[in-house]
Amino acid sequence: MFLVRLVYASTVSEHFQSSDIENILSFAKQNNARNGVSGMLCFNHKYFLQCLEGSRAKVNDTYNLIARDPRHNNIVLLDYQTITKREFSGWSMGYVPASVLALDITFNYSTSNDFNPYEMSGESAYQMLLTLRTTVPAI
Ligand code: FAD
């Protein structure tokens, strides 16, 4: 089974509570580690941008679970491709918080300073995640 990478954007829904982010991360870290899935999640209290990498079967299963989650909506697939190696192997789910997304870094990959993953190409979103890796402690 070969490796794939998936990148999507979504928006918080009315079912999301501020305490949910801790629960989502803690569940994701355990479940992803069990399934050999690695990746990164960005969240600015309005939008999510997430990258998942791992076997095609496990990444697809994980994405299907996530897509059914009522805590977010307007889920848009930005990128899905086979890859030769992982770039987030140190993170079962690394987290990039709003404070980091507010820095100038977003401007390098989109048309404005505001973090809005719907206005980014899949490649720009992925390249930004690669840059943001350096800010996230490995888990
Ligand atoms: P169950 O606990 O049986 O959930 C049943 C249903 O309720 C599911 O639709 C679930 O999404 C939903 N649900 C669970 N908790 C709540 C709650 N507090 N409020 C409202 N609805 C709830 N999971 C991963 O394994 N890996 C990831 O990388 C990952 N990333 C995520 C990123 C985002 C932005 C979000 C919103 C969720 C993410 N999740 C991730 C969590 C995932 O969506 C599921 O909640 C989790 O996998 C458990 O689903 P389940 O059906 O097995 O569990």
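Remember, it's 1-based here, ligands and their atoms both numbered in the order they're listed. Position 1 is the first residue of the sequence, and the numbers go up from there.
Hydrophobic clustering (ILVMFWY, side-chain heavy atoms < 4.5 Å, transitive): Leu6 and Phe27 are in distinct clusters.
Counting only heavy atoms, the protein gets under 4.0 Å from atom 43 (O) of ligand 1. Within a 4.0 Å radius of atom 1 (P) of ligand 1, the protein has no heavy atom. When distances from atom 8 (C) of ligand 1 to the protein are checked, no heavy atom turns up under 4.0 Å. Per-atom contact check: atom 18 (N) of ligand 1 touches the protein, criterion being a heavy-atom distance below 4.0 Å. Protein heavy atoms are absent from the space less than 4.0 angstrom from atom 5 (C) of ligand 1. Atom 14 (C) of ligand 1 lies below 4.0 Å from at least one non-hydrogen atom of the protein.
Those atoms of ligand 1 that come under 4.0 Å of a heavy atom in Tyr8, given as number and element, are 32 (C), 33 (C), 34 (C). If you number the atoms of ligand 1 from 1 as listed, the ones under 4.0 Å from a heavy atom of Phe48 come out as 34 (C). Atoms of ligand 1 lying under 4.0 Å from any heavy atom of Pro70, numbered from 1 in the order shown and given with element: 9 (O), 11 (O), 12 (C), 20 (C), 21 (N). Listed by number with element, the atoms of ligand 1 under 4.0 Å from a non-hydrogen atom of Leu52 are 28 (O). Distances below 4.0 Å separate heavy atoms of Met93 from the following atoms of ligand 1: 28 (O). Under a 4.0 Å criterion applied to the non-hydrogen atoms of Phe27, ligand 1 contributes the atoms 23 (N), 25 (O), 46 (C), 47 (O), 48 (C). Within ligand 1, counting atoms from 1 as listed, the ones closer than 4.0 Å to a heavy atom of Asn32 are 24 (C), 25 (O), 26 (N), 27 (C), 28 (O).
With a 4.0 Å heavy-atom cut-off, ligand 1 is reached by the side chain of Asn31 but not by its N, CA, C or O.
The only option from Leu101, Asn108, Val96 that meets the side chain to side chain contact (heavy atoms under 4.5 Å, CB included) definition with Met128 turns out to be Leu101. Each of Ile21, Val100, Ile24 was scored for a side chain to side chain contact (heavy atoms under 4.5 Å, CB included) with Tyr95, with one residue passing: Ile21.
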Yes or no on side chain to side chain contact (heavy atoms under 4.5 Å, CB included) for Gln50 and Val7, after CA distance, side-chain angles and deciding distance? CA-CA 6 Å; Gln50 188 172 27; Val7 182; over 6 Å; no

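An N or O contact shorter than 3.5 Å links Asp69 to ligand 1 by distance. The shortest N/O to N/O separation between Gln50 and ligand 1 falls below 3.5 Å.
Arg71 and Ser13 form no side-chain donor-acceptor contact under 3.5 Å, judged by distance and modelled atom types alone. With hydrogens and angles left out, the side-chain atoms of Thr131 and Tyr109 include a donor and acceptor closer than 3.5 Å. Between the side chains of Ser110 and Glu119, no donor-acceptor pair is found at a separation under 3.5 Å. In this model, a donor atom of one side chain and an acceptor atom of the other lie less than 3.5 Å apart for Tyr118 and Thr11. For Asn60 and Tyr80, the side-chain atoms include at least one donor-acceptor pair closer than 3.5 Å. Side-chain atoms of Asp79 and Gln81 form a donor-acceptor pair, as typed in the model, at a separation below 3.5 Å.
Scanning all protein heavy atoms for the shortest distance to atom 27 (C) of ligand 1 gives Ala28 CB, 3.4 Å. From the protein, the heavy atom lying nearest to atom 16 (C) of ligand 1 is Arg71 CZ, 3.5 Å. Closest protein heavy atom to atom 38 (C) of ligand 1: Ile24 CG2, 3.6 Å.
For the pair Arg56 and Phe2, the cation does not sit on the ring face, since its NZ or CZ is not both under 6.0 Å from the ring centre and inside 45° of the axis.
Using 4.0 Å as the threshold, His15 has no heavy atom nearer than that to any atom of ligand 1.
Without hydrogens or angle criteria, Ser89 side chain to Arg86 main chain gives no donor-acceptor distance under 3.5 Å.
Interatomic distance, Asp114 CG to Phe107 CZ, rounded to the nearest 0.5 Å: 10.5 Å.
Of the candidates Ile66, Leu65, Asn23, the one placing a heavy atom closest to atom 49 (O) of ligand 1 is Leu65.
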